[in-house]
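Take a look at the structure below.
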Amino acid sequence: MQAFQVKWSGGRGPAPGASFARPGGPRILPDSSYVSNAGAVVYIFLESLRPYELIEVSTPHYFTVTANTGPPVQPSTPLESIVYVGLSHAWPYEITWSELLAANVLDDGDVVHATIDPGAVPESVVEITLASDLWWWKEINVPDGLGSAWDIHTGAGTFGGRRFRDTVGLWADQVHNGQWLTFRKAKTVGLLSDTYLLRGLERLPAGSRVTFTWLKD
């Protein structure tokens, strides 16, 4: 029997499940798992893993770690003797329109709700708006896909003042340039950090306004 205890750091959302595989090989499924008192998930493999072999441990949005399975594990083996694997979150990561339209909780505990209003502006443009009542700085970088980009933000700045809504417009044909929006927020010691990436602006029809309302952080 072999076992790993896995813990995630850098995200505040629900801990995802871990995937295991030999380098370049198919996924190996654990036979059972449980959560330890220390908050790690212990995965147990009865026969699919051998002692002292290298295994890749991964999960979406986190860096993959290669770990050695270590010596054989018995039911009586204390937790501190079971191989420990810590997975660190990879920022920024890609989010989807479906997550935003449904206002799902994102990995860092954020809730950003997207609403699309057709016919809200002239047919020649598409308007992108960021709205938030939260105190801390929130920002979206909006590129036109042709080399230029603009930042829209809400929240309180370093030198005072507070903004609840900000908007930028693109020409309607510019949403078809394959660019990504970058969502940023003030994190550790107030530093502005790239947090989420969003593509698929081509779904926005000419003359529409998309509003991203940052509800929770």
Side-chain angles (χ1 to χ4, degrees), residues 10-13 16 59-63 88-217:
R12 291 189 287 139
T59 199
H61 313 155
Y62 286 73
F63 291 108
S88 298
H89 204 291
W91 299 105
Y93 79 93
E94 183 181 358
I95 54 178
T96 64
W97 282 97
S98 60
E99 290 177 287
L100 298 181
L101 292 168
N104 291 347
V105 179
L106 304 176
D107 281 14
D108 208 35
D110 298 286
V111 176
V112 182
H113 185 209
T115 55
I116 301 173
D117 299 310
V121 295
E123 284 285 318
S124 59
V125 299
V126 167
E127 191 175 273
I128 297 173
T129 295
L130 173 62
S132 181
D133 290 335
L134 300 174
W135 178 266
W136 296 111
W137 189 282
K138 305 291 181 288
E139 181 176 293
I140 301 178
N141 177 262
V142 182
D144 63 5
L146 300 171
S148 297
W150 300 267
D151 295 326
I152 54 177
H153 79 269
T154 61
T158 304
F159 302 103
R162 188 176 175 193
R163 184 177 293 176
F164 297 91
R165 190 178 184 91
D166 201 3
T167 296
V168 69
L170 297 176
W171 296 116
D173 62 335
Q174 290 178 334
V175 298
H176 298 276
N177 289 335
Q179 68 269 48
W180 298 56
L181 301 182
T182 302
F183 292 70
R184 300 169 176 151
K185 69 175 186 175
K187 295 183 74 172
T188 307
V189 297
L191 295 178
L192 195 62
S193 301
D194 292 354
T195 310
Y196 309 111
L197 303 171
L198 179 69
R199 57 179 168 176
L201 296 188
E202 64 274 4
R203 73 179 294 148
L204 302 173
S208 65
R209 174 191 295 121
V210 58
T211 302
F212 298 102
T213 304
W214 209 308
L215 298 170
K216 183 180 177 182
D217 61 8

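By convention here, the first residue in the shown sequence is residue 1.
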Discussion item. With a 6.0 Å cut-off (strictly less than), is the heavy-atom count around CH2 of Trp136, excluding the residue itself, greater than 12?
Written reply: no
Discussion item. Can you confirm whether Trp171 sits close enough to Val125 that some side-chain heavy atom of one is under 4.5 Å from a side-chain heavy atom of the other?
Written reply: yes
Response to the item:
CD1 of Ile152 to CG of Leu130, rounded to nearest 0.5 Å, is 5.0 Å
Discussion item. Determine whether a donor-acceptor pair (N or O, by modelled atom type, separation under 3.5 Å) exists between the side chain of Tyr196 and the backbone of Leu106.
Written reply: no
Worksheet item: Side-chain contact, heavy-atom cut-off 4.5 Å: Leu170 with Trp150?
Response: yes
Worksheet item: Between Thr195 and Ser193, is there a donor-acceptor pair closer than 3.5 Å when you use the side chain of the first and the backbone of the second?
Response: yes
Worksheet item: Measuring from Ile95:CD1 to Leu198:CG, what's the distance to the nearest 0.5 Å?
Response: 5.5 Å
Worksheet item: Under the 3.5 angstrom rule, does the side chain of Asp166 hit a backbone N or O of His153 as a donor-acceptor pair?
Response: yes
Worksheet, complete the sentence: Between Ile116 and Pro205, the two heavy atoms sitting closest are CG2-CD, 4.5 Å
Discussion item. Can you tell me how the ring of Trp91 sits relative to the ring of His89, calling it parallel under 30°, perpendicular over 60° and tilted otherwise?
Written reply: parallel
Discussion item. Donor-acceptor pair, distance only, cut-off 3.5 Å: does the side chain of Arg162 make one with the backbone of Asp133?
Written reply: yes
Worksheet item: Between Leu134 and Trp214, is a side-chain contact (heavy atoms from CB on, under 4.5 Å) present by the stated rule, with each step listed?
Response: CA-CA 8 Å; Leu134 300 174; Trp214 209 308; 3.8 Å; yes
Worksheet item: Is a salt bridge present between Asp110 and Lys185, judged by a nitrogen-to-oxygen distance below 4.0 Å?
Response: yes
Fill in: Atom of Pro16, atom of Tyr62 and distance for their closest heavy-atom approach
CG-CE1, 4.1 Å
Discussion item. Nearest 0.5 Å, please: how far is CG in Leu197 from OG1 in Thr96?
Written reply: 12.5 Å
Discussion item. Using a 3.5 Å distance criterion without hydrogens, assess whether the side chain of Trp97 forms a donor-acceptor pair with backbone atoms of Arg199.
Written reply: yes
Worksheet item: Among Asp151, Asp108, Asp217, which residue meets the salt bridge (charged side-chain N to carboxylate O under 4.0 Å, His left out) test with Lys138?
Response: Asp217
Worksheet item: Does one side chain, of Thr213 or Thr211, offer a donor that lies under 3.5 Å from an acceptor on the other?
Response: no
Worksheet item: Okay, side chain of Gln179, backbone of Gln174: is any donor-acceptor separation there less than 3.5 Å?
Response: yes
Discussion item. I need the Glu99 CD to Glu94 CD distance, nearest 0.5 Å.
Written reply: 9.0 Å
Discussion item. With side-chain contact (heavy atoms from CB on, under 4.5 Å) as the criterion, how do Val142 and Leu181 come out once you've worked through the C-alpha distance, each side chain's angles and the decisive distance to 0.1 Å?
Written reply: CA-CA 5 Å; Val142 182; Leu181 301 182; 4.0 Å; yes
Practice prompt. Of all the heavy-atom pairs spanning Gly145 and Asn177, show the shortest one and how long it is.
Written response: CA-CB, 3.8 Å
Discussion item. Ignoring hydrogens, what is the shortest heavy-atom contact between Arg165 and Thr154? Give both atom names and the distance.
Written reply: N-CG2, 3.8 Å
Worksheet entry | From CZ (Phe212) to NE2 (His113), nearest 0.5 Å | 11.0 Å
Practice prompt. First locate atom CG of Leu204, then atom CZ of Arg209, and finally report the distance between them rounded to the nearest 0.5 Å.
Written response: 12.5 Å
